[in-house]
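Note that the coordinates shown come from a computational prediction; the quantities given were computed from them, not determined experimentally. Order of the sequence lines fixes the chain letters, A, B, ..., with proteins taken first and strands second; residue numbering starts at 1 for each chain.
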2 protein chains.
Amino acid sequence: MDIRKQVGLNVQRVRRTRGWSQEELAFQSGLHRTYISGIERGTRNPTVTVLKELADALAVPPRTLLDLGSPSGG
Amino acid sequence: MDIRKQVGLNVQRVRRTRGWSQEELAFQSGLHRTYISGIERGTRNPTVTVLKELADALAVPPRTLLDLGSPSGG
DNA sequence: TTGTGACTCTTAGTCCGTG
DNA sequence: TCACGGACTAAGAGTCACA
């Protein structure tokens with residue numbers, strides 16, 4: 001499994017547990033809407049600082065977005 | 001704690017448990033020695049794919065390099 | 001054995017628009 | 001509400017000479 005794909009899946013999963021649109025997550029994280037889209041589709045290769053910003057916005061530990069297991073973002 | 005600093009500390013810690021020099025890790029990961037140096041000092045902002053290559057070379061799960069806790073690398 | 005500034009090339013990340 | 005492409009600016013990837 002490509003790590004980018006894994007990150008994308010995790011971001012999307014946690015985002016949906018929040019009931020957020022991509023645009024809402026973009027607003028919360030300070031990143032751009034189309035960039036969030038690219039990350040979730042696994043076509044972008046985010047840096048660790050972006051990973052952190054995403055994790056902060058989603059209120060989960062950064063490692064959650066790298067893991068295969070169940071995200072703790074209930 | 002800056003996430004880049006945290007990654008650097010973790011890379012360095014795991015590398016040393018392997019008894020490897022930066023040059024050895026550079027060889028194992030296919031990255032440049034000076035680039036490893038920059039990451040360990042927290043002056044570089046690696047992407048998730050680089051994080052994965054490092055984790056692979058060090059034989060630890062990628063999330064290990066983001067965590068604050070004790071690395072599981074040996 | 002590692003730190004560092006500077007460099008080239010590629011890509012991260014933004015913004016606009018279409019379907 | 002989201003996927004996707006083009007164009008753009010800032011920054012990361014990757015390398016070297018020197019200390």
Does the [X] side chain pair with the main chain of [Y], one donor and one acceptor, at a distance under 3.5 Å?
X: A/Glu53; Y: A/Leu31; result: no
X: A/Asp2; Y: A/Gly42; result: no
X: A/Arg18; Y: A/Leu58; result: yes
X: B/Gln22; Y: B/Thr34; result: no
X: A/Thr43; Y: A/Gly38; result: yes

Requested in this report: Step by step, work out the side chain to side chain contact (heavy atoms under 4.5 Å, CB included) result for B/Ile39 and B/Val50.
Outcome: CA-CA 10 Å; B/Ile39 289 175; B/Val50 167; 4.0 Å; yes
Nearest-Å distance for atom pair [atom1]/[atom2], residues [X] and [N]:
X: B/Glu40; N: C/dG3; atom1: CD; atom2: C1'; result: 11 Å
X: A/His32; N: C/dC16; atom1: NE2; atom2: C1'; result: 8 Å
X: B/Ile39; N: C/dT4; atom1: CD1; atom2: C1'; result: 15 Å

Query raised in the report: Closer to the 5' end of DNA chain C via nearest nucleotide, is it B/Arg41 or A/Thr49?
Result: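 Per heavy-atom nearest nucleotide, the more 5' residue is B/Arg41.
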Query raised in the report: Going through the distances and angles, do A/Val7 and A/Leu66 end up as a side chain to side chain contact (heavy atoms under 4.5 Å, CB included)?
Result: CA-CA 6 Å; A/Val7 168; A/Leu66 282 179; 3.8 Å; yes
Query raised in the report: If only side-chain N and O atoms of B/Gln22 are considered, is one of them under 4.0 Å from the OP1 or OP2 phosphate oxygen of C/dG3?
Result: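 B/Gln22 to C/dG3 OP1/OP2: side-chain N or O found under 4.0 Å.
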**Report entry** Hydrophobic cluster membership, A/Leu51 vs B/Leu9, 4.5 Å side-chain cutoff
**Finding:**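 No, because A/Leu51 and B/Leu9 fall into different hydrophobic clusters, even though each may have its own neighbours under 4.5 Å.
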Query raised in the report: Hey, does B/Ser37 reach any base, or is it just sugar-phosphate, or nothing, if we go heavy atoms under 4.0 Å?
Result: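 Contact class for B/Ser37: base.
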Query raised in the report: Using a cut-off of 4.0 Å on non-hydrogen atoms, how would the nucleic acid contact of A/Arg16 be classed: base, sugar-phosphate, or nothing?
Result: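 Nothing, no heavy atom under 4.0 Å.
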Scan nucleotides 17-19 of chain C against the protein and return all N/O pairs shorter than 3.5 Å with their distances rounded to 0.1 Å.
residue : atom : partner : partner atom : Å
C/dG17  : O6   : A/Arg33 : NH2          : 3.4

Query - Pairing pattern in dot-bracket form [Watson-Crick, G-U; both distances under 3.5 Å; | = partner strand] for DNA chain D - result: .||||||||||||||||||
Report task. Check B/Ile36, B/Thr64, B/Thr49 against B/Leu54 for a side chain to side chain contact (heavy atoms under 4.5 Å, CB included) and give me the one that passes. Result ->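 Of the listed options, the one satisfying the test is B/Ile36.
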Query raised in the report: What salt bridge (Lys or Arg N to Asp or Glu O under 4.0 Å) pairs are there with at least one residue in residues 28-52 of chain B, not counting sequence neighbours?
Result: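 The answer is B/Arg15-B/Glu40, B/Lys52-B/Asp56.
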Requested in this report: Go through B/Val11 and B/Leu25 one step at a time and tell me if the side chain to side chain contact (heavy atoms under 4.5 Å, CB included) criterion holds.
Outcome: CA-CA 10 Å; B/Val11 168; B/Leu25 176 55; 3.9 Å; yes
Protein and nucleotides 6-12 of chain C: nitrogen or oxygen contacts under 3.5 angstrom:
residue : atom : partner : partner atom : Å
C/dA12  : OP1  : A/Asn45 : ND2          : 3.2
C/dA12  : O5'  : A/Asn45 : O            : 3.4

**Report entry** Counterpart residues, side chain to side chain donor-acceptor pair (under 3.5 Å), relative to B/Glu23 (two or more places apart)
**Finding:**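 With sequence neighbours excluded, B/Glu23 shows a side chain to side chain donor-acceptor pair (under 3.5 Å) to no residue whatsoever.
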Query raised in the report: Out of curiosity, B/Tyr35 OH to B/Ser29 OG, how far, rounded to the nearest 0.5 Å?
Result: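 Reported value, rounded in 0.5 Å steps: 10.0 Å.
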Requested in this report: Please list, in 5' to 3' order, the outermost nucleotides of DNA chain D lying under 4.0 Å from any heavy atom of chain A.
Outcome: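 Under 4.0 Å from chain A, the extent on DNA chain D is D/dC2 to D/dG12.
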